[in-house]
A.B. asks: 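Got a structure for you, questions after.
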Amino acid sequence: MKILDKSTLRQTLRDKRRAVDSETRTRDAEHAAEYLEKSALFQASAHIACYFSTKEEFDSNAIIQLIFKHNKKCYLPALHSTEKKLLFARYQPNDPLEENRYRISQPLPHAETISAEELNLVFLPLVSFDLQGHRLGMGAGFYDRTFAFKKSPRTSCHLMGLAYSFQETESLPYDEWDIKLDSVLTEKGITLFHSL
């Protein structure tokens, strides 16, 4: 099977995501949250990072609400002011947010932050994934640079992609600097890619 290049895959899968109607989007998000709530990984995690999804991405709001429901600490990614990496800032219900240059909501600059290494569970947006744990993002590389420490040594920080099941691709092209996912959560459940 021919492996499509990253830009072609991004366009194809983003078009498919945009075609998901609002009812399906909400239902799938709720199903994913139900699977997550039952998982031992979620139950054991105290510091969890998520993100506010764009209209075309898998809806992350049900995950954020689940974190609050279980009184776990929720963090959101924020762009670093000087480095091309992400900071993770504490987020609580009704905290004020601001839009970054990509028009994505993030906590205000004075919010309490945590190092990426201290996070127990991190949800990552993605355009596509394969069953080897490769992730195709939007191409800016923020998550890859932020979690480069995952290459070596191995840490307990678990990276979980959040996606529709149709975003699975048989085999994704990847570069040596790309960080692999530990698992992915879809409306059909959690798939682990390798043992921790």
A.B. asks: Between K150 and D182, is there a side-chain N and carboxylate O pair less than 4.0 Å apart?
C.D. replies: yes
A.B. asks: Could you walk me through whether K6 and D178 pass the salt bridge (charged side-chain N to carboxylate O under 4.0 Å, His left out) check?
C.D. replies: CA-CA 13 Å; K6 288 184 176 183; D178 290 339; 3.2 Å; yes
A.B. asks: Give a yes or no answer on whether the side chain of R25 reaches the backbone of E57 with a donor-acceptor pair at less than 3.5 Å.
C.D. replies: yes
A.B. asks: Is it true that S165 and E187 share a donor-acceptor pair across their side chains at a distance under 3.5 Å?
C.D. replies: yes
A.B. asks: Centroid-to-centroid, H70 to F42, below 6.0 Å?
C.D. replies: yes
A.B. asks: Identify whether the distance between the nearest side-chain nitrogen and carboxylate oxygen of D130 and K180 falls below 4.0 Å.
C.D. replies: no
A.B. asks: Might you confirm whether atom CZ of R18 has over 12 heavy atoms from other residues, nucleotides or ligands at distances under 6.0 Å?
C.D. replies: yes
A.B. asks: Parallel under 30°, tilted from 30 to 60°, perpendicular over 60°: which one fits the rings of F142 and Y102?
C.D. replies: perpendicular
A.B. asks: Do the ring centers of F52 and Y91 come within less than 6.0 Å of each other?
C.D. replies: yes
A.B. asks: Check for a donor-acceptor pair, side chain of N120 on one end and backbone N or O of I48 on the other, with a separation under 3.5 Å.
C.D. replies: no
A.B. asks: Parallel, tilted or perpendicular: which fits the ring planes of F149 and F147, with parallel below 30° and perpendicular above 60°?
C.D. replies: tilted
A.B. asks: Taking 4.0 angstrom as the limit, do K69 and E37 come out as a salt bridge?
C.D. replies: yes
A.B. asks: Is there a path of hydrophobic side-chain contacts, each under 4.5 Å between heavy atoms, that joins L119 and Y51?
C.D. replies: yes
A.B. asks: Please answer: with hydrophobic residues joined when any side-chain heavy atoms are less than 4.5 Å apart, are L76 and I67 in the same cluster?
C.D. replies: no
A.B. asks: On a heavy-atom basis, which atom in L126 and which in G161 lie closest, and how many Å separate them?
C.D. replies: CD2-CA, 3.6 Å
A.B. asks: Quick check: does any side chain N or O of E83 sit under 3.5 Å from a backbone N or O of H80, one acting as donor and the other as acceptor?
C.D. replies: no
A.B. asks: Atom CG in L97, atom CG in D95: separation rounded to 0.5 Å?
C.D. replies: 7.0 Å
A.B. asks: Under a plain distance cut-off of 3.5 Å, with no hydrogens placed, do S115 and E118 share a side-chain donor-acceptor pair?
C.D. replies: yes
A.B. asks: Do R14 and M138 pass the side chain to side chain contact (heavy atoms under 4.5 Å, CB included) test, and can you show the C-alpha distance, the side-chain angles, and the key distance before you say yes or no?
C.D. replies: CA-CA 10 Å; R14 289 186 70 186; M138 291 298 290; 3.1 Å; yes
A.B. asks: Keeping the roles fixed (side chain from T146, backbone from Y143), state whether a donor-acceptor pair exists under 3.5 Å.
C.D. replies: no
